[in-house]
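Notes follow once the structure below has been shown.
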Amino acid sequence: MEPIKVQSEGGLNVTLTIRLLMHGKEVGSIIGKKGETVKKMREDSGARINISEGNCPERIVTITGPTDAIFKAFAMIAYKFEEDIINSMSNSPATSKPPVTLRLVVPASQCGSLIGKGGSKIKEMRESTGAQVQVAGDMLPNSTERAVTISGAPEAIIQCVKQICVVMLEAYTIQGQYAIPHPDQLSKLHQLAMQQTPFNPLGQTTPAFPAAGLDASNQASTHELTIPNDLIGCIIGRQGTKINEIRQMSGAQIKIANAMEGSSERQITITGTPANISLAQYLINARFRDVAAMWNDPTSMTTS
């Protein structure tokens with residue numbers, strides 16, 4: 001399989017997160033014996049691939065990384081599913097090969113862009129890629145997102161995923177290496193972060209990250225968070241990589257107080273415009289969610 005190399009607009013290779021909804025059998029195929037298949041997919045694609053924990057019939061597979069890594073991971077998944085179909089046909093009287101089908105989980109706020117005015121965008125995707133694309137009319141249970149089903153040959157699916165990524169990127173402002181949400185998208189992102197966080201790391205019963213002040217002036221202000229000592233490491237990351245990433249992505253100044261003797265908590269001070277602060281808070285919460293997903297994913301072979 002030829003490696004897929006994609007550069008986004010302006011030659012930037014931005015970081016994205018795409019999620020898939022999979023049945024248990026599909027998840028088993030992706031994980032492989034002793035987790036070897038997913039380990040190889042991670043290594044060969046360079047993308048982070050996490051699989052939600054649980055015995056429910058459907059699981060969420062989260063793929064994060066630069067766009068080229070995401071496309072490689074999607075290609076591997078699509079070809080693996082095609083291989084499964086071919087193997088199942090060897091024991092079946094069926095003569096026509098059914099298409100590969102993937103289901104993406106997409107924020108409902110972005111589905112309008114995927115469909116386009118009068119269905120023009122989705123029609124264009126179908127015609128240019130040869131894949132079938134359908135956007136669910138209803139949101140997923142207890143969610144603000146919809147399923148987008150793509151079916152066809154692996155090559156058609158990969159081309160379609162590329163086009164969907166481009167549409168999703170159009171909702172963002174590209175800054176440096178990262179795709180930064182526009183301020184008017186932040187409140188939606190905060191709601192999603194709070195809904196999807198499996199535990200409340202800040203010990204608060206009300207939403208920890210209000211999106212207040214996004215339409216206010218751009219004057220600098222300060223916001224403080226209190227985080228348990230045993231969770232501070234996942235925010236800082238190895239040699240400070242994660243906290244520096246959050247600083248770069250949000251544009252906010254972030255200071256972590258030294259550990260106080262006898263205290264089980266650390267103070268984080270975020271300084272910047274309301275939009276900077278809101279984005280920093282969202283990224284911190286997203287970091288907790290990612291780490292929780294890794295704790296819940298027994299197949300995860302990587303550390304962050």
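Worth saying up front: this structure is predicted, and the values here are computed from it rather than measured. Below, each value reflects all heavy atoms present in this structure, side chains not excepted, and no hydrogens, waters or symmetry copies.
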remark   = Here the pair of heavy atoms bringing Met139 nearest to Ala108 is CE-CB, 3.8 Å
query = Passes side chain to side chain contact (heavy atoms under 4.5 Å, CB included), Glu224 versus Thr269? Steps please.
reply = CA-CA 5 Å; Glu224 291 188 342; Thr269 304; 3.7 Å; yes
task = Dump the intermediate steps for side chain to side chain contact (heavy atoms under 4.5 Å, CB included) on Lys40 and Met76, then the final yes or no.
result = CA-CA 10 Å; Lys40 182 166 174 53; Met76 290 171 197; over 6 Å; no
message = Could you measure the distance from the CD1 atom of Ile30 to the CD1 atom of Ile77? Nearest 0.5 Å is fine.
response = 4.5 Å
request  = Drop me the distance from Cys234's SG to Ile284's CD1, to the nearest 0.5 angstrom.
outcome  = 10.0 Å
Without placing hydrogens or testing angles, list every side-chain donor-acceptor pair under 3.5 Å for residues 129-137, not counting sequence neighbours.
residue : atom : partner : partner atom : Å
Thr129  : OG1  : Met125  : O            : 2.7
Thr129  : OG1  : Ala131  : N            : 3.1

message = With rounding to the nearest 0.5 angstrom, report the NZ to CD1 distance, Lys72 to Ile158.
response = 12.5 Å
ask   = Hey, mind stepping through Val167 and Gln110 against side chain to side chain contact (heavy atoms under 4.5 Å, CB included) and telling me if it holds?
value = CA-CA 8 Å; Val167 172; Gln110 293 186 358; over 6 Å; no
ask   = Is there a side-chain contact between Ile60 and Leu21, using heavy atoms and a 4.5 Å cut-off?
value = yes
Atom of Ala280, atom of Ala252 and distance for their closest heavy-atom approach = CB-CB, 4.2 Å
inquiry  = For a 4.5 angstrom cut-off between non-hydrogen side-chain atoms, does Glu155 reach Tyr79?
reply    = yes
message = Under 4.5 Å between side-chain heavy atoms, counting indirect links through other Ile/Leu/Val/Met/Phe/Trp/Tyr residues: same cluster for Phe71 and Val105 or not?
response = no
message = What I'd like to find out is whether the side chain of Thr62 reaches to under 4.5 Å of the side chain of Arg19, using heavy atoms alone.
response = yes
Minimum-distance pair of heavy atoms, taken over all atoms of Val100 and Ile157 = O-CD1, 3.3 Å
note = Rounding to 0.5 Å, atoms CD1 (Ile268) and CD (Gln281) come to a distance of 10.5 Å
ask   = Rounded to the nearest 0.5 Å, what separation is found between the CD1 atom of Ile246 and the CD1 atom of Ile254?
value = 6.0 Å
inquiry  = Any non-hydrogen side-chain atom of Arg247 less than 4.5 Å from a side-chain atom of Asn244?
reply    = yes
query = Do Ile18 and Val161 come within less than 4.5 Å of each other through their side chains, counting heavy atoms only?
reply = no
task = For the residue pair Lys97 and Glu82, establish whether any side-chain heavy-atom pair is separated by less than 4.5 Å.
result = yes
query = Has the side chain of Ser128 got a donor or acceptor atom that lies under 3.5 Å from a matching backbone atom of Glu124?
reply = yes
query = Can you tell me how far the NZ atom of Lys121 sits from the SG atom of Cys111, to the nearest 0.5 Å?
reply = 14.5 Å
message = Hydrophobic clusters here meaning ILVMFWY residues chained together by side-chain heavy-atom distances under 4.5 Å, can you tell me if Leu102 and Val27 are in one?
response = yes
Side-chain heavy atoms of Arg42 within contact of Asn50, under 4.5 Å = yes
inquiry  = I'd like to know if the side chain of Glu26 reaches the main chain of His23, judged simply by a donor and an acceptor atom lying under 3.5 Å from each other, with no hydrogens or angles considered.
reply    = yes
ask   = Hey, does Ile235 have a side-chain heavy atom less than 4.5 Å from the side chain of Ile243?
value = yes
message = Is there a path of hydrophobic side-chain contacts, each under 4.5 Å between heavy atoms of I/L/V/M/F/W/Y residues, joining Ile150 to Ile115?
response = yes
